[in-house]
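See below for the structure under consideration.
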Amino acid sequence: MAVTKLLTISIALAALSASAAAIGVVFWRRKTRADEEKIQELERSLKAALQNCGAERQGRIRAQQALRKVANSNDSNNSYPLAPIAITRSCFSTRNGTPRQPLVVPLAKACLVFDPTRVPPASLEGLEGYSHCWIIYVFHLNTDLDKLWKHPSRSKFKAKVRVPRLKGERMGVFATRSPHRPCPIGLTVAKVDIVDGNKVFISGVDLVDGTPVLDIKPYLPYCDSIPGAMVPDWVKADNMLAITSVSFSHDFCASLNHCWSRKIQKKKKTEISLYTSPTEYQNLIQQVLSWDIRSVSQRIRPHKTENSSMNNATLEDDDSQEEVHFSEDIVYHLILEGLDTSYKIDYDGNVHVEKIEPCTPN
């Protein structure tokens, strides 16, 4: 009797376990089917999203192609969306005195101030790892910029310019670095000193204050330096523009110290300081005047007419439209950081620096 009861209970338990297992299998299948449906739904959503992205990308590509087609058509003015990304704060207040080439005046300093609305400071991260950088800029002080807005048939573009190293002889503009070009864009290289937020401090510059900057790129010696590169013989004549000596008057240092003190007192908190002492500033003057910064006309015809001073020399050549006048006792002016330095050059190529004073407001 007891055995019969145990057998009955075992059979009942087995049946119950089988029923529970069957129920578990049913729930597992339902759950698996629900998961599969969710996965399929997600896959369909992903496929639709990818198709939309692809359609948007194709739309952008077609729009860009159409834009390029219009830009390159004969009916357009072939303009492109270029705008300055930075402004140069340079030690050179005017074109006169600004070096004709980069790195010839190591103490020539400037600061590139980037527009944070166009160039986030993060864009400059990593630049401090390079010793030098290329700078693409605009010759914004050219006196003939108005010609560029005219039709080519009326622009009177000059194919040849006078070259300082050729003593005024003319050369094709694309064989020179004259600022007077069909597109007034300049390319220069400078030493990277400090990268600070949206500012890049550089040295060895040939940029005048206020120069608009279009782009900067790191200098790469392995591809930017070309061993054995050839240049014409007239380019090799470096001593053509070298000055024999630079001397300062007895009271120049006292005048410089006085001007420097006044300059420091009037300095605004937001003003950028490029030089730390009068001695460094005087060394800058000596480096700048170690090269003949006069225009071609000033060097070739230094004693022909009337005016007693001249401070409007052009930067690269002497193709300006204004007549240049001189006297037998010419006083030249070099304006750096708002200070006016007066000097003379004798027949032997010696520079005599006479005095320094604050610039007279216009």
Side-chain angles (χ1 to χ4, degrees), residues 90-110 141 163-165 167 177 188 190-191 203-209 237-260 263 274-303 307-318 324 326-360:
S90 170
C91 63
F92 298 106
S93 303
T94 64
R95 291 180 301 168
N96 180 42
T98 304
R100 293 181 173 90
Q101 304 298 342
L103 305 180
V104 297
V105 179
L107 275 177
K109 298 182 181 182
L141 293 182
V163 182
R165 291 175 184 269
K167 296 182 179 180
R177 294 193 175 186
T188 189
K191 183 177 180 295
S203 58
V205 303
D206 58 349
L207 301 172
V208 70
D209 190 60
D238 290 336
N239 59 346
M240 288 277 301
L241 301 176
I243 289 295
T244 304
S245 68
V246 179
S247 62
F248 295 86
S249 64
H250 295 295
D251 58 348
F252 180 83
C253 288
S255 299
L256 175 58
N257 288 330
H258 176 69
C259 291
W260 192 265
K263 179 180 173 66
L274 298 175
Y275 299 93
T276 59
S277 68
T279 301
E280 186 181 25
Y281 185 88
Q282 184 172 347
N283 290 337
L284 168 67
I285 295 175
Q286 184 163 7
Q287 286 188 7
V288 172
L289 295 181
S290 294
W291 298 89
D292 196 340
I293 62 176
R294 295 176 298 173
S295 68
V296 173
S297 295
Q298 287 175 310
R299 294 201 306 277
I300 294 178
R301 305 189 300 273
H303 304 290
N307 290 353
S308 62
S309 65
M310 176 64 195
N311 64 350
N312 293 319
T314 57
L315 174 63
E316 176 76 16
D317 58 71
D318 193 50
V324 181
F326 306 96
S327 72
E328 294 184 356
D329 190 18
I330 306 170
V331 177
Y332 299 98
H333 294 268
L334 172 65
I335 300 176
L336 301 171
E337 292 229 306
L339 298 180
D340 184 356
T341 300
S342 304
Y343 67 97
K344 295 181 180 180
I345 302 180
D346 63 26
Y347 290 105
D348 296 323
N350 300 296
V351 170
H352 305 276
V353 181
E354 297 186 337
K355 64 179 182 178
I356 186 170
E357 58 188 356
C359 291
T360 303

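The structure displayed is predicted, hence computed values, not measured ones.
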Calculate, to the nearest 0.5 Å, the distance between atoms CD1 and OH belonging to Ile243 and Tyr343 respectively. 8.0 Å

State the CD-CZ distance between Gln282 and Phe248, to the nearest 0.5 angstrom. 4.5 Å

Heavy-atom closest contact (Thr276 atom, Trp260 atom, distance): C-CZ2, 3.9 Å

State, yes or no, whether a side-chain contact exists between Asp292 and Ile345 at a heavy-atom distance under 4.5 Å. yes

Between Ser93 and Asp209, which heavy-atom pair has the shortest distance, and what is it? CA-CB, 4.4 Å

Which pair of heavy atoms, one from Leu107 and one from Gln287, lies closest together, and at what distance? N-OE1, 2.9 Å

Is any side-chain heavy atom of Thr188 less than 4.5 Å from a side-chain heavy atom of Val205? no

A side-chain contact here means heavy atoms from C-beta on lying under 4.5 Å apart; do Ile285 and Leu336 qualify? yes

Less than 4.5 Å apart, any side-chain heavy atom of Leu289 and any of Tyr332? no

Exercise: identify the closest heavy-atom pair between Ser249 and Glu354: OG-O, 2.6 Å

Measure the SG-NZ distance between Cys259 and Lys355 for me, rounded to the nearest 0.5 Å. 10.5 Å

Expected output: side-chain Ser342 to main-chain His333 donor-acceptor under 3.5 Å: no

On a heavy-atom basis, which atom in Val208 and which in Phe92 lie closest, and how many Å separate them? CG2-O, 3.5 Å

Quick check: closest heavy atoms across Ile335 and Cys359, and the distance to 0.1 Å? CG2-SG, 3.4 Å

Tell me whether the count of non-hydrogen atoms from other residues, nucleotides or ligands lying under 6.0 Å of NZ in Lys263 goes above 12. yes

Rounding to 0.5 Å, atoms OG1 (Thr341) and CD (Glu357) come to a distance of 9.0 Å

With side chains defined as the heavy atoms from C-beta onward, is the minimum distance between Val331 and Lys344 less than 4.5 Å? yes

Supply the atom-to-atom distance Gln286 CD to Ser245 OG, rounded to the nearest 0.5 angstrom. 9.5 Å

Test item: Thr94 and Thr98 side chains (from C-beta on) under 4.5 Å apart, heavy atoms: no

Tyr275: which residues meet the ring-ring contact (aromatic ring centres under 6.0 Å, His included) condition with it, sequence neighbours left out? none

Can any side-chain N or O of Asp348 pair as donor or acceptor with the backbone N or O of Asn350 at less than 3.5 Å? no

Can you measure from OG1 (Thr244) to OH (Tyr347) and round to the nearest 0.5 angstrom? 15.0 Å

With sequence neighbours left out, the residues meeting salt bridge (Lys or Arg N to Asp or Glu O under 4.0 Å) with Glu280 are Lys109

